[in-house]
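To start, the structure itself, in structure tokens.
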Amino acid sequence: MINKNKLEIPVTLIPGDGIGPEVVGATVQVLGALGMPFAWDVQQAGMAGVNSSGDPLPEATLASIRRTRLALKGPLTTPVGTGFRSSNVRLREEFQLYANVRPVSTLVPGRYEDIDIVLVRENIGGFYVAHEYYIPIGDDPRAAAASTGINTRDGCRRIARFAFEYAVKHGRKKITVVHKANILKALTGIFLEAAREVARDYEGRVQMNDMIVDACAMQLVLNPWQFDMLLCTNLFGDILSDQLAGLVGGLGMAPGANIGADAAIFEAVHGSAPDIAGKGIANPISLLLAAGQMLDHVGRDDLALRLRMAISATLNDDHIATGDLRGTATTQQFTDAIVRRLGMP
């Protein structure tokens, strides 16, 4: 935990690609209006990193995060067909950011009211370890493809304990462990076993149940209110977190935190949206909410609450929203409206 009494908190700031610089700029402006004394170290990644240094994850960016141990990141584009791995996956592996926390809550009236669910995803195992290869048959060198997923018992215990500790700290009462242990008996069976083992240490404080992933996907549509927290393997968490975002208005409303023992990176979970880049219409809420998670992380829950309240009031009281939320505001107009809200007594 970072000492909140320090005058300035160093943070690596990665503008990213596409709409990244626009939503990052909006977020920096809003954090400034909150009076939060972050000392920004601006670094590049994604296509911006390729253009500046020939690498989507330049060494200067990695060095900055090693120093600050804290980063706020816009969406990154992974170059296609160049052999580069995902910068997001590389960051998680480099800094062992084993816990991905993706909360969703209803901010504007819509199809699903009163949604309040936190998904915790194991972030560096499963099928994302990228042990993939082709199998040649006859004269076809790519006749078959194989992928190997790896979950370790220690890694499963670690993410389970993180989820249960999060539940205790934030007053959550139930964790649903999502798996496919009926089919992937080893890969997800070990995840379920480890979660049950850890759950015994929290009996009487946090309830645990489990659900097969396909049933969980259906229940999230039929009755999402039955869920409090979801604990997922890497692949299932990636998929279900997008489904959760759909319950509250889309990826523009969904923040993400990647947390490890020695570093934390906060991000908008949506992509770089190159089709609307530079048009000034991007919704910055995802990254603003991620900044709220970062404020919680550094011990400024008070400012995080003010930020969330200002976003809600701008949407629901002032009726100012970007086009994806059926509003007419530009990115800057929406940002200015939040800043005005923050200035109100």
Side-chain angles (χ1 to χ4, degrees), residues 15-31 33-34 72-75 77 102-119 217-225 227 238-256 266-293 304-344:
D17 302 312
I19 62 171
E22 298 168 68
V23 297
V24 167
T27 302
V28 168
Q29 181 182 341
V30 169
L31 289 173
L34 272 173
L72 183 66
K73 180 181 73 64
T77 298
R102 293 188 175 183
V104 296
S105 59
T106 301
L107 282 175
V108 291
R111 183 176 178 186
Y112 294 93
E113 307 293 342
D114 302 319
I115 297 296
D116 182 15
I117 302 171
V118 176
L119 184 146
M218 179 182 68
Q219 289 298 322
L220 280 170
V221 175
L222 293 176
N223 180 20
W225 303 278
F227 298 106
D238 189 12
I239 296 168
L240 292 184
S241 61
D242 277 22
Q243 185 179 0
L244 284 174
L247 302 180
V248 298
L251 292 176
M253 311 291 280
F266 300 86
E267 63 185 357
V269 301
H270 57 69
S272 57
D275 55 320
I276 62 169
K279 297 182 179 180
I281 59 174
N283 179 359
I285 290 178
S286 177
L287 194 65
L288 286 167
L289 292 174
Q293 289 182 286
L305 179 60
R306 284 185 59 202
L307 174 58
R308 294 176 185 122
M309 290 177 64
I311 294 171
S312 178
T314 300
L315 291 170
N316 297 302
D317 298 336
D318 302 333
H319 303 291
I320 298 174
T322 49
D324 59 310
L325 298 177
R326 300 181 181 178
T328 59
T330 65
T331 307
Q332 190 60 57
Q333 289 168 342
F334 183 71
T335 303
D336 291 341
I338 294 176
V339 169
R340 286 195 299 272
R341 270 285 166 183
L342 289 171
M344 293 181 180

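Computed from a prediction, not measured in an experiment: that's the story for all the values here.
Among all heavy-atom pairs drawn from G249 and L325, the shortest one is O-CD2, 4.4 Å.
One finds the CG atom of L288 at 6.0 Å from the CG atom of L307 (value rounded to the nearest 0.5 Å). To the nearest 0.5 Å, atom CG of residue L220 and atom CG of residue L244 are 5.5 Å apart. Rounding to the nearest 0.5 Å gives a distance of 11.5 Å between CD of E22 and OG1 of T27. Summarising the geometry, atom CH2 belonging to W225 is positioned 5.5 Å from atom CD1 belonging to I115; distances are rounded to the nearest 0.5 Å.
Annotation: side chain of I338 is not in contact with side chain of Q29 (no heavy-atom distance under 4.5 Å). Residues P255 and F266 have side chains not in contact (no heavy-atom distance under 4.5 Å, counting atoms from C-beta outward). Two residues are said to be in side-chain contact when any heavy atoms from C-beta on lie closer than 4.5 Å; I19 and H270 meet this criterion. Contact check for R340 versus D318: no side-chain heavy atoms found under the 4.5 Å cut-off. For the pair L72 and Q293, the minimum side-chain heavy-atom distance is 4.5 Å or more.
A distance-only check finds no donor-acceptor pair linking the side chain of T322 to the backbone of T331 [under 3.5 Å]. A donor-acceptor pair under 3.5 Å is formed between the side chain of Y112 and the backbone N or O of V221. Remark: side-chain polar atoms of T106 are not paired, donor with acceptor, to backbone N or O of V248 under 3.5 angstrom. Checked by atom type and distance alone, the side chain of E267 never pairs as donor or acceptor with a backbone atom of P75 at under 3.5 Å. The backbone N or O of L107 lies less than 3.5 Å from a partner atom in the side chain of N316, making a donor-acceptor pair. Between the side chain of Q243 and the main chain of A217, a donor-acceptor pair closer than 3.5 Å is present.
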Next item on the list: In sequence, state the C-alpha distance, the side-chain angles, and the governing distance for M253 and V104, and then conclude on side chain to side chain contact (heavy atoms under 4.5 Å, CB included).
Entry: CA-CA 8 Å; M253 311 291 280; V104 296; over 6 Å; no

Next item on the list: Go through the steps for R102 and D238 under the test side chain to side chain contact (heavy atoms under 4.5 Å, CB included), then give the verdict.
Entry: CA-CA 10 Å; R102 293 188 175 183; D238 189 12; 4.2 Å; yes

Check: Under the side chain to side chain contact (heavy atoms under 4.5 Å, CB included) criterion, do I311 and R308 qualify, and how do the steps go?
Finding: CA-CA 5 Å; I311 294 171; R308 294 176 185 122; 5.5 Å; no

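Remark: E113 pairs with no residue by the side chain to side chain donor-acceptor pair (under 3.5 Å) rule, at least two apart or across chains.
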